2 protein chains.
Amino acid sequence: MSARSRRASHPKSAITKQRILDAAARAFSLNGYAGTTINDIAMTAGMQGGSIYYYFESKDDILQEVLDVGITRVFSAARLAIGSLPASSAFSEKLEAAVTAHLTMLLQQGDYTSANIRVFEQAPPAVKRQNRKLRAAYGEYWGQLLSEGQRSGEIRKNVDLTILRLMLLGSMNWAVTWYRSDRMPIPELARKFCEVVLKGVGLSDDQPESSSRGRRARS
Amino acid sequence: MSARSRRASHPKSAITKQRILDAAARAFSLNGYAGTTINDIAMTAGMQGGSIYYYFESKDDILQEVLDVGITRVFSAARLAIGSLPASSAFSEKLEAAVTAHLTMLLQQGDYTSANIRVFEQAPPAVKRQNRKLRAAYGEYWGQLLSEGQRSGEIRKNVDLTILRLMLLGSMNWAVTWYRSDRMPIPELARKFCEVVLKGVGLSDDQPESSSRGRRARS
DNA sequence: TAGCGTTCCTAATGATCATTCGAAATTAGC
DNA sequence: GCTAATTTCGAATGATCATTAGGAACGCTA
């Protein structure tokens with residue numbers, strides 16, 4: 001019978017499949033997509049290379065699942081973090097919760113999430129296309145969070161929320177290239193991120209102009 | 001005679017070598033390192049795959065040069081941008097100049113710079129090691145810029161400059177994954193980046209605490 | 001136009017992998 | 001313990017590439 005027809009129908013099968021995906025996520029996040037071989041994954045999962053094909057149709061198939069799980073997990077983590085706050089919480093509280101959740105999945109727990117961030121760009125078009133749907137949904141979630149912050153007045157009206165979102169997610173995602181857990185705990189990092197974004201780094205003297213066009217006042 | 005002994009000693013040779021590097025930079029930035037073959041590069045450069053080896057010892061050798069040029073160019077662009085400002089310029093002016101230069105090299109001109117950002121993580125250890133030296137120097141340059149801004153009082157004293165630098169460069173570098181030139185010109189993008197970083201997105205009401213420890217006041 | 005250094009071509013070579021497949025081994029149901 | 005289904009093995013297969021090497025074409029100089 002083909003792998004497709006029976007895949008993961010039995011309990012042991014499901015567990016082994018997880019083991020393979022775990023191994024793949026770790027390997028992808030460490031060595032990139034082209035840099036990890038089916039044999040690498042198989043050996044970490046305790047089997048021979050050929051056996052992988054009992055569970056997956058192709059290497060791309062594994063990649064797809066790892067990438068999708070990666071987004072699904074950060075998304076869940078962010079939702080959970082915000083959802084477990086009192087509904088009356090200030091935007092700044094929610095933001096910090098979401099940032100902490102995202103950074104945690106990216107830097108501490110998630111081989112899947114970090115694999116996604118590191119490897120997405122190297123993925124074949126078809127794989128990217130599918131994963132982009134999940135990414136878009138996650139991005140929209142952040143968009144709503146920021147939008148809410150703007151409605152409540154905690155974000156100035158003239159801030160471009162799209163750019164803000166991309167900056168925020170970008171600076172977080174980039175952390176995957178430099179973060180070392182022995183230098184600073186995640187919550188502290190998250191706090192600093194939020195502080196920069198919310199308060200800025202300059203002295204807060206000048207009021208924000210309400211028209212969106214004019215450049216900085218000429219000193 | 002070996003490629004090494006005579007490489008680029010003649011004028012034509014130097015030009016052709018440039019052509020190869022240009023083709024490689026573009027291909028790397030589009031398809032990643034493993035995703036581009038020697039033949040891809042050669043064809044774009046108007047020659048056969050084997051001929052590449054008259055100019056370079058290996059694919060890694062090409063990668064090394066592309067990566068190094070990538071950093072060298074943003075570095076130069078940033079230095080030039082800041083250097084051509086009046087020496088008395090405010091920190092915010094310098095910052096915007098540097099951000100504009102960085103984003104321009106990354107998103108508009110530099111196949112080399114964008115190749116570096118996209119492909120560095122996939123490079124073999126030896127190549128990374130060498131390029132990291134240049135990256136460190138560039139990072140230090142930004143560190144000095146920020147440090148100067150803090151000394152002059154335009155950045156609050158209690159801001160962690162290391163985190164700020166990593167956030168700033170991270171959000172810029174990440175733009176390589178989403179920026180589309182038809183949506184917003186670089187200078188406008190740079191201005192928005194700087195506005196977020198300098199002023200933050202929140203209403204500037206609360207004074208910054210001077211002790212660095214305490215968390216946000218409890219509402 | 002002969003000679004020499006240069007640039008480039010072309011056809012190997014050899015290594016690395018993803019993927020396949022038939023058979024062996026293991027497990028579960030009875 | 002027998003049988004059938006499930007899981008794994010292990011040895012091909014074939015494709016893709018980086019890299020090599022010997023020779024051909026090109027261009028310059030005398």
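From a predicted model like this one, the values you see are computed outputs, not experimental measurements. Within every chain, numbering begins at 1; the chains are lettered A, B, ... in the order of the sequence lines, protein sequences first and strands thereafter.
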- Item | Any donor-acceptor N or O pair under 3.5 Å, side chains B:Asp60, B:Tyr33 | yes
Look at the side chain of [X] and decide which nucleotide, out of [options], has an atom nearest to it.
X       : options               : result
A:Ile38 : C:dT19, C:dC9, D:dT19 : C:dT19
B:Arg19 : C:dT6, C:dC8, D:dT20  : C:dC8
B:Tyr53 : D:dA18, D:dT7, D:dC9  : D:dA18
B:Lys59 : C:dT19, D:dT19, D:dC9 : D:dT19
B:Thr37 : C:dC8, D:dC17, D:dT8  : D:dC17

Rounded to the nearest angstrom, tell me the gap between atom [atom1] in [X] and atom [atom2] in [N].
X       : N      : atom1 : atom2 : answer
B:Ile20 : C:dC9  : CD1   : C1'   : 14 Å
A:Ile62 : C:dC17 : CD1   : P     : 15 Å
A:Ile52 : C:dC21 : CD1   : C1'   : 17 Å
A:Lys17 : D:dT8  : NZ    : C1'   : 17 Å
A:Tyr54 : C:dA23 : OH    : C1'   : 15 Å
A:Asp61 : C:dA18 : CG    : C1'   : 14 Å
B:Met47 : C:dT10 : CE    : P     : 12 Å
A:Asn39 : C:dA15 : CG    : P     : 17 Å

- Task: Validate the cation-pi geometry between A:Arg79 and A:Phe75: distance from NZ or CZ to the six-membered ring centre under 6.0 Å, angle to the ring axis within 45°.
- Result: yes
- Message: Is the phosphate of C:dC8 approached by B:Gln48 (side-chain N or O, under 4.0 Å from OP1 or OP2)?
- Response: no
- Do the side-chain N or O atoms of B:Ser13 get closer than 4.0 angstrom to the phosphate oxygens (OP1, OP2) of C:dT7? yes
- Message: Can you work out whether B:Gly50 or A:Tyr33 has the more 5'-proximal nearest nucleotide on DNA chain C?
- Response: B:Gly50
- Query: Step by step, would you call A:Arg135 with A:Asn116 a side-chain contact (heavy atoms from CB on, under 4.5 Å)?
  - Reply: CA-CA 10 Å; A:Arg135 286 181 157 225; A:Asn116 183 297; 2.7 Å; yes
- Heavy-atom check, side chain of B:Ile62 versus side chain of B:Ile52, under 4.5 Å: yes
- Query: Any idea how B:His102 and B:Tyr138 line up, ring-wise: parallel (<30°), tilted (30 to 60°), or perpendicular (>60°)?
  - Reply: parallel
